[in-house]
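Notes for the one structure printed next.
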Amino acid sequence: KNIAGLLACLAVAISFALSVSVFWLLPATGVFRDTLYTWIESGPFQVKLSFQVDALAAVMLLVVTGIGFLIHVYSLGYMGHDDGMVRFFAYLNLFIFFMLVLVMGDHLLVLFVGWEGVGLCSYLLIGFWYKDPANGSAARKAFIVTRIGDAAMAVGLFLLFANLGTLQIQELMQRAAQQWHVGST
């Protein structure tokens, strides 16, 4: 179990080092963009599994991986006595992964997958000591509250797509500026 904790810390430390590197290497355009593949394709609707890092995302990468690393290190001591330490670090690393997907998603559906993953991991971490009924109850409450947020976000995504015809973030920004001028209702 100690090896699992150390590997989890090492993974987040490497992620932090890569985040620092990306932060300092942003090109003159200020954007790194990478498309892995087309995830969904249905007529004119396409969702590409793509990630983007601009200045804001780079700062958020530093926050997520930097604070995440500190939480991991603290958890080594805090969870050292617990038999579920391996499961805890698996949940914690999954949480970091989904936070990074949320921060770097270049398409609102990719961002939504990150959002859902963060909600799942919150449920798992809050209910980690599930044998205590209070923890199970708190996890269920958190799950329900995040489902309300999910529904609101889904409505927002539908409205954006209905009005602008895309969920790709850069295209949304361009189309919104063309369709809704500053000061318009």
Side-chain angles (χ1 to χ4, degrees), residues 11-12 14-69 90-126 141-185:
V12 179
I14 291 169
S15 297
F16 179 69
L18 291 171
S19 297
V20 169
S21 173
V22 166
F23 182 79
W24 290 111
L25 295 176
L26 279 176
T29 61
V31 177
F32 283 129
R33 184 174 290 121
D34 190 22
T35 300
L36 301 178
Y37 60 90
T38 301
W39 177 32
I40 300 171
E41 188 167 11
S42 178
F45 181 72
Q46 279 192 349
V47 178
K48 294 183 186 284
L49 184 60
S50 58
F51 297 99
Q52 172 181 305
V53 178
D54 56 11
L56 177 60
V59 170
M60 292 308 298
L61 289 175
L62 292 174
V63 169
V64 169
T65 58
I67 293 174
F69 174 70
Y91 293 167
L92 204 54
N93 274 36
L94 192 62
F95 186 83
I96 296 289
F97 169 77
F98 280 119
M99 283 293 290
L100 294 176
V101 170
L102 177 65
V103 167
M104 293 188 305
D106 190 35
H107 194 282
L108 287 180
L109 284 183
V110 174
L111 182 143
F112 190 70
V113 168
W115 173 265
E116 288 297 318
V118 167
L120 169 68
C121 293
S122 296
Y123 168 76
L124 293 172
L125 287 166
I126 292 168
K141 286 178 188 176
F143 187 79
I144 291 167
V145 169
T146 56
R147 295 299 69 84
I148 293 167
D150 297 345
M153 188 179 224
V155 168
L157 293 177
F158 286 122
L159 288 172
L160 279 171
F161 187 76
N163 284 292
L164 299 173
T166 187
L167 291 176
Q168 201 280 332
I169 294 172
Q170 294 303 313
E171 288 179 29
L172 274 174
M173 292 170 52
Q174 292 169 356
R175 291 181 186 183
Q178 292 168 356
Q179 185 170 336
W180 299 313
H181 301 286
V182 175
S184 66
T185 57

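Given the structure is predicted, the values throughout are model-derived calculations rather than measurements.
- When all heavy atoms are compared, the tightest approach of Leu36 to Asp34 is CD2-OD2, 3.7 Å.
- Shown here for Gly149 and Trp115, the closest heavy-atom pair between the two residues is C-NE1, 4.5 Å.
- Annotation: side chain of Glu116 is not in contact with side chain of Val101 (no heavy-atom distance under 4.5 Å).
- For the residue pair Val12 and Gly68, the shortest heavy atom distance occurs at CG1-C, 3.8 Å.
- With hydrogens and angles disregarded, no donor-acceptor distance shorter than 3.5 Å links the side chain of Ser21 to the backbone of Ala17.
- Considering only heavy atoms from C-beta on, Phe51 stays 4.5 Å or farther from Leu100 through its side chain.
- No more than 12 heavy-atom neighbours from other residues, nucleotides or ligands sit within 6.0 angstrom of CZ on Phe158.
- Counting heavy atoms from C-beta on, the side chains of Leu167 and Phe112 never come closer than 4.5 Å.
- Within the 4.5 Å cutoff, no side-chain heavy atoms of Gln170 are placed close to those of Arg175.
- In this structure, the separation between CZ on Phe45 and CG on Leu109 is 5.0 Å, given to the nearest 0.5 Å.
- Distance check, rounded to the nearest 0.5 Å: CG of Leu164 to CD of Gln178 gives 9.5 Å.
- Here CG of Leu94 is found 6.5 Å from CG of Leu120. Values are rounded to the nearest 0.5 Å.
- A heavy-atom distance below 4.5 Å is not found between the side chains of Leu124 and Phe95.
- In plain terms, the two heavy atoms of Ala58 and Leu26 that are nearest each other are CB-CD1, 4.1 Å.
- With values rounded to the nearest 0.5 angstrom, Ile40 atom CD1 is found 12.5 Å from Lys48 atom NZ.
- For the pair Ser50 and Thr35, the tightest heavy-atom approach, listed with the atom from each and the gap, is CB-OG1, 3.4 Å.
- A 6.0 Å sphere centred on OH of Tyr91 holds more than 12 heavy atoms belonging to other residues, nucleotides or ligands.
- Rounding to the nearest 0.5 Å gives a distance of 8.0 Å between NE2 of His107 and CD of Glu171.
- Using a 4.5 Å heavy-atom threshold, the side chains of Tyr123 and Thr146 count as separate.
- Between Ile169 and Gln52, the closest side-chain pair of non-hydrogen atoms is not below 4.5 Å.
- Counting heavy atoms of neighbouring residues, nucleotides and ligands inside a 6.0 Å radius, atom CZ of Phe161 exceeds 12 of them.
- With values rounded to the nearest 0.5 angstrom, Ile126 atom CD1 is found 11.0 Å from Lys141 atom NZ.
- The two atoms that bring Ile96 and Val64 nearest to each other are CD1-O, 3.9 Å, heavy atoms only.
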